[in-house]
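To start, the structure itself, in structure tokens.
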Amino acid sequence: MKINTKVLRDKIEKLNKVKYTNKYGINYAVLDAAGSVLRIYNSDTDNYCVRTELDGLINNDEDFKAKADLKKLSKLIKNFGESTRIYIDDDKLILSSENRVFKMNYEKANQYPLLDYQFKDDLKEIELEKCFTNELFKHIKFVAKKGKDNRNILQRIGFKEDIVVATDSYRLIKTDLIPYIRNGNNFIENEFSINVEVVKFIQSIKEDILSIQYNENDENVRINLTNNIVILSKKVDGNYPDTKRLIPSTFAAKVVIDSNKMLNYHKELNDLSSEKQWIVDLDLKQNTLCLDNPTIDYSISIENDLMENSFNDTISYDCKYMIDILENLIGDMSINLQGGVNGKLKPMIIKDGGNSEYILLPVRRY
């Protein structure tokens with residue numbers, strides 16, 4: 001089988017970005033040649049399997065399915081010419097191009113994690129606009145960092161009805177899915193979650209999501225990307241809390257502020273410290289942002305474009321968490337406050353004119 005080397009090189013480089021977790025640190029791939037199509041699979045064995053395919057020219061070769069070292073393949077084809085012939089001969093996987101021939105050992109790959117997975121039921125499909133992918137990438141920052149909290153619910157991104165959700169228990173992002181759905185007003189009928197590592201991989205290879213296929217009874221979902229790349233991802237167990245209960249329909253107070261100015265103010269405050277957690281006090285009665293630190297007395301006066309009802313409590317929160325939210329916002333932002341008993345401890349709901357809402361949990365001060 002002959003393959004365009006440039007296309008092959010690009011595909012292998014993308015598959016090389018899969019984080020493989022075997023004890024030898026070897027990144028394996030399966031080359032599956034059948035007819036005029038070469039499919040290449042790679043898997044991290046825990047969360048997802050990636051498949052890509054290339055059109056080739058039949059050259060009287062037999063079909064084969066070979067497991068080989070992906071990094072070695074990647075280095076090998078850097079010096080190959082315009083086309084690469086791939087075939088099996090004398091129990092060796094052979095790659096040849098112009099005056100170069102390389103023979104390498106391989107394993108027969110009749111069984112491979114997720115390689116030939118058969119879905120139990122017919123798949124439901126939700127087709128998505130390409131611009132949804134960038135919205136999904138915003139969720140990456142809102143999952144818990146590994147080592148800090150490894151609970152499954154905090155290492156995933158959830159799809160439920162008409163929303164996408166991620167949280168690390170201190171802040172939450174909720175994105176409206178409806179504006180990104182193509183070909184009809186479908187929504188997610190069966191809730192599911194995928195590990196954040198899958199989304200990080202999509203971000204690393206710079207491809208867009210075209211559709212997601214799923215059903216209720218299978219442990220996997222299929223994510224179809226541009227350039228004939230398919231990801232088979234294991235679902236993460238458990239369901240997210242109902243965001244409708246977390247976000248009330250009415251608020252005690254609301255303030256509208258320029259999000260870019262607020263971002264610059266918070267970065268200014270954050271630059272004053274090398275501490276892991278830097279607490280900021282938002283005083284909407286005095287319209288100030290202050291550092292909550294006994295050794296530094298520093299405050300910034302802020303101007304708001306609109307204040308609906310007064311809010312007399314000072315709210316304390318993690319400065320870096322607010323920066324992560326502000327970096328996603330454009331134009332004016334609204335901070336919606338719940339008020340009532342212990343209002344300063346109730347989550348703030350933050351929005352701009354886009355399709356996402358953010359929840360930030362205040363810090364309890366003694």
Side-chain angles (χ1 to χ4, degrees), residues 135 138-142 145 166-176 243 246-366:
E135 287 297 317
K138 293 179 181 179
H139 293 66
I140 292 174
K141 282 187 177 181
F142 290 81
K145 289 181 172 61
T167 183
D168 63 358
S169 78
Y170 298 101
R171 63 238 167 107
L172 178 146
I173 177 174
K174 183 194 81 167
T175 299
D176 184 3
T243 56
L246 297 175
I247 303 177
S249 56
T250 59
F251 298 93
K254 172 183 175 181
V255 60
V256 177
I257 308 175
D258 183 284
S259 63
N260 190 55
K261 287 182 180 179
M262 285 291 279
L263 175 60
N264 291 333
Y265 293 156
H266 282 79
K267 285 183 175 180
E268 181 180 341
L269 296 174
N270 191 64
D271 287 343
L272 294 174
S273 173
S274 59
E275 296 180 20
K276 290 184 178 179
Q277 188 180 45
W278 203 225
I279 305 303
V280 168
D281 294 333
L282 174 61
D283 184 343
L284 291 175
K285 187 176 181 180
Q286 302 296 327
N287 280 336
T288 57
L289 279 173
C290 306
L291 288 177
D292 191 327
N293 188 289
T295 63
I296 300 176
D297 187 357
Y298 193 87
S299 63
I300 300 174
S301 296
I302 59 175
E303 296 180 2
N304 61 68
D305 297 323
L306 174 69
M307 184 72 192
E308 293 182 2
N309 302 325
S310 59
F311 191 83
N312 296 324
D313 284 326
T314 297
I315 304 175
S316 303
Y317 54 84
D318 188 303
C319 185
K320 291 180 180 178
Y321 286 171
M322 179 62 89
I323 288 174
D324 285 343
I325 293 174
L326 292 170
E327 286 179 335
N328 288 338
L329 305 181
I330 299 174
D332 286 342
M333 59 178 282
S334 64
I335 302 176
N336 300 276
L337 306 164
Q338 300 186 49
V341 179
N342 288 327
K344 64 182 180 181
L345 299 179
K346 294 179 180 179
M348 294 181 285
I349 314 301
I350 301 169
K351 308 176 185 179
D352 65 356
N355 298 311
S356 295
E357 294 178 272
Y358 303 85
I359 299 177
L360 179 60
L361 192 66
V363 175
R364 184 182 294 272
R365 311 306 287 163
Y366 298 97

*asked:* By the salt bridge (Lys or Arg N to Asp or Glu O under 4.0 Å) test, which pairs, at least two apart or in different chains, include something from residues 250-265?
replied: none
To the nearest 0.5 Å, how far apart are [atom1] in [X] and [atom2] in [Y]?
X: Y265; Y: I302; atom1: OH; atom2: CD1; value: 8.0 Å
X: H139; Y: I173; atom1: NE2; atom2: CD1; value: 4.0 Å
X: D318; Y: L360; atom1: CG; atom2: CG; value: 8.0 Å
X: N260; Y: N264; atom1: CG; atom2: CG; value: 5.0 Å
X: K346; Y: L337; atom1: NZ; atom2: CG; value: 11.0 Å
X: K320; Y: I279; atom1: NZ; atom2: CD1; value: 10.5 Å

How close do [X] and [Y] get, counting heavy atoms only, and between which atoms?
X: L272; Y: I296; answer: O-CD1, 4.2 Å
X: N328; Y: D352; answer: O-OD2, 4.1 Å
X: K141; Y: R171; answer: O-NH2, 2.8 Å
X: Y317; Y: P362; answer: CB-CA, 4.5 Å

*Report yes if some heavy atom in the side chain of L172 is under 4.5 Å from a heavy atom in the side chain of K174; otherwise report no.*
yes
*Mind running side chain to side chain contact (heavy atoms under 4.5 Å, CB included) on L282 and T314 for me, showing each step along the way?*
CA-CA 6 Å; L282 174 61; T314 297; 5.9 Å; no
Please check this pair: side chain of [X] against backbone of [Y], looking for a donor-acceptor N/O pair closer than 3.5 Å.
X: D324; Y: E327; value: no
X: T288; Y: C290; value: no
X: E357; Y: I350; value: no
X: W278; Y: L269; value: yes

_Criterion side-chain contact (heavy atoms from CB on, under 4.5 Å) against I257, the qualifying member of D332, N304, N287_ =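 It is N304, the one option of D332, N304, N287 that forms the side-chain contact (heavy atoms from CB on, under 4.5 Å) with I257.
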*Sorted by first residue and then second, give each ring pair (Phe, Tyr, Trp, His ring centres under 6.0 Å) pair with at least one member in residues 342-361; sequence neighbours left out.*
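Sorted result for residues 342-361: F142-Y358.
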*Report the C-alpha separation of Y321 and D168 in whole Å, then their side-chain angles, then the decisive distance to 0.1 Å, and conclude whether the side chain to side chain contact (heavy atoms under 4.5 Å, CB included) test is met.*
CA-CA 11 Å; Y321 286 171; D168 63 358; 4.1 Å; yes
*asked:* Run the salt bridge (Lys or Arg N to Asp or Glu O under 4.0 Å) test against E135 and tell me which residues pass, sequence neighbours left out.
replied: K138
*Hey, mind stepping through H266 and L326 against side chain to side chain contact (heavy atoms under 4.5 Å, CB included) and telling me if it holds?*
CA-CA 9 Å; H266 282 79; L326 292 170; 3.6 Å; yes
*Would D281 and S316 satisfy side-chain hydrogen bond (donor to acceptor under 3.5 Å, both in side chains), going step by step from the backbone distance to the final call?*
CA-CA 4 Å; D281 294 333; S316 303; 2.5 Å; yes
*Take M333 and M262 through the side chain to side chain contact (heavy atoms under 4.5 Å, CB included) test and state the conclusion after the steps.*
CA-CA 9 Å; M333 59 178 282; M262 285 291 279; 4.1 Å; yes
